[in-house]
Amino acid sequence: LDLHGKVCAADVDHIHLICARSHCNRSRPASGVEGKTSNQYAFAVALLDGRVDMDSFEEQRRWAPDVMDLLETITLEFDESIGGSWEDSYCVASAKLRDGTVHEVRCDAPSGSWGGPAIDEDVHLAKVRQCLATRLAASAVEEVIALVGKLETLDNSALKYLVSLLANGGGLRSNAN
């Protein structure tokens, strides 16, 4: 994400990623869902959109021309000296532009991840809302957030209600969401 806003994807000649060995080497994921386990895809979407979220893994985004074009420029190299554990792992991205300029960044942990830099509460709540909205009715999303916000103080009946909202989706989610 550090390159978003600094590098225009249309100006990219080549991107080289150096990461710890992992199962996430899928240079051309077969679907948006498969993109979740592709370092190349996640990097491409982060550079293009400035974020990686639920919509990043929809089929429409996976097969978008800008994503397909950028994936063609990305190579991935595994560096055996990089630790394989979450705490020791990192990725270095080097973007060479058509004018010869090179931008290099290192990511030790994505924002909001375990061990990574914290994210602002409003950013966190936006992520929570987006995730919950994939399965819950809009009215239930806000109710779940409010209940979880006071989870430690819920009595048995309120806790059962929260679980029922989560289990039953708080009503059917409309296709418009």
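Note that the structure is a prediction, hence the values are computed from the model and not measured.
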Is the shortest side-chain N to carboxylate O distance from D66 to R61 below 4.0 Å? yes

Spacing of Q40 atom CD and C24 atom SG [to the nearest 0.5 Å]: 9.0 Å

Answer yes or no: is there an ion pair linking R51 with D49, defined by an N-O contact shorter than 4.0 Å? no

Residues passing the side-chain hydrogen bond (donor to acceptor under 3.5 Å, both in side chains) test with R26, sequence neighbours excluded, are T37

With side chain to side chain contact (heavy atoms under 4.5 Å, CB included) as the test, would you mind laying out the steps for V128 and V148 before giving the verdict? CA-CA 11 Å; V128 168; V148 169; over 6 Å; no

Gap between atom CD1 of I18 and atom CD of E77 - 0.5 Å precision: 4.5 Å

Distance-only, no hydrogens or angles: does the S38 side chain make a donor-acceptor pair with backbone N or O of G35 under 3.5 Å? no

Heavy-atom pair of closest approach, residues A93 and F43: CB-CE1, 3.4 Å

Counting distance only, does the side-chain N/O of E59 pair as donor-acceptor with the main-chain N or O of G32 below 3.5 Å? yes

Under a 4.5 Å side-chain heavy-atom rule over Ile, Leu, Val, Met, Phe, Trp and Tyr, are L166 and M54 clustered together? no

Would you indicate whether the side-chain heavy atoms of L162 and L151 approach each other to under 4.5 Å? yes

Less than 3.5 Å apart, any donor N or O on the side chain of D55 or Q60 sitting next to an acceptor on the other? no

Would a hydrophobic clustering, with Ile, Leu, Val, Met, Phe, Trp and Tyr connected at side-chain separations under 4.5 Å, put V102 with L97? no

Take D108 and Y90 through the test side chain to side chain contact (heavy atoms under 4.5 Å, CB included) and record every step on the way to the result. CA-CA 4 Å; D108 291 291; Y90 61 88; 3.4 Å; yes

Hey, is CD on E121 packed in by over 12 heavy atoms from elsewhere, all under 6.0 Å? no

Any side-chain donor paired with an acceptor under 3.5 Å for H16 and S94? no

Taking every heavy atom of L48 against every heavy atom of H4, the minimum-distance pair comes out as O-CE1, 3.5 Å

Would you list the pairs meeting salt bridge (Lys or Arg N to Asp or Glu O under 4.0 Å) in which at least one residue belongs to residues 140-161, sequence neighbours left out? R129-E142

Do the non-hydrogen side-chain atoms of I74 and Y41 ever get within less than 4.5 Å of each other? no

Looking only at heavy atoms, the pair that brings S31 and E34 closest together is OG-N, 3.0 Å

Please assess D99 against D11 for the test side chain to side chain contact (heavy atoms under 4.5 Å, CB included), listing each intermediate value before the final yes or no. CA-CA 8 Å; D99 68 2; D11 296 334; over 6 Å; no

Is a donor on one side and an acceptor on the other found under 3.5 Å between the side chain of D79 and the backbone of S81? yes

Say whether L76 and V52 are linked into one hydrophobic cluster, either directly or through other cluster members, by side-chain heavy-atom distances under 4.5 angstrom. yes

May I ask you to decide if P29's main-chain N or O and R62's side chain share a donor-acceptor pair within less than 3.5 Å? yes

So, for L71 and S27, which heavy atoms are closest and what is the spacing to 0.1 Å? CD2-O, 3.8 Å

Quick check on the hydrophobic clustering: are V67 and W63 connected, directly or via other members, by side-chain heavy-atom contacts under 4.5 Å? no

V105 and V92: same hydrophobic cluster, using ILVMFWY side-chain contacts below 4.5 Å? no

Hey, is the main chain of T73 close enough, under 3.5 Å, to the side chain of H14 for a donor-acceptor pair? yes

Pair N25, F78 - check side chain to side chain contact (heavy atoms under 4.5 Å, CB included), show working. CA-CA 9 Å; N25 182 13; F78 292 125; 3.6 Å; yes

Rounded to the nearest 0.5 Å, what separates atom NZ in K127 from atom CG in D122? 12.0 Å

State whether the side chain of Q130 and the backbone N or O of A126 hold a donor-acceptor pair below 3.5 Å, judged by distance alone. no

Which heavy-atom pair separates N39 from L17 by the least distance, and what is that distance? O-CD1, 4.0 Å

For a 4.5 angstrom cut-off between non-hydrogen side-chain atoms, does L165 reach L147? yes

Flag the pair V7 / I15 as yes when at least one side-chain heavy-atom distance between them is below 4.5 Å, and no otherwise. no

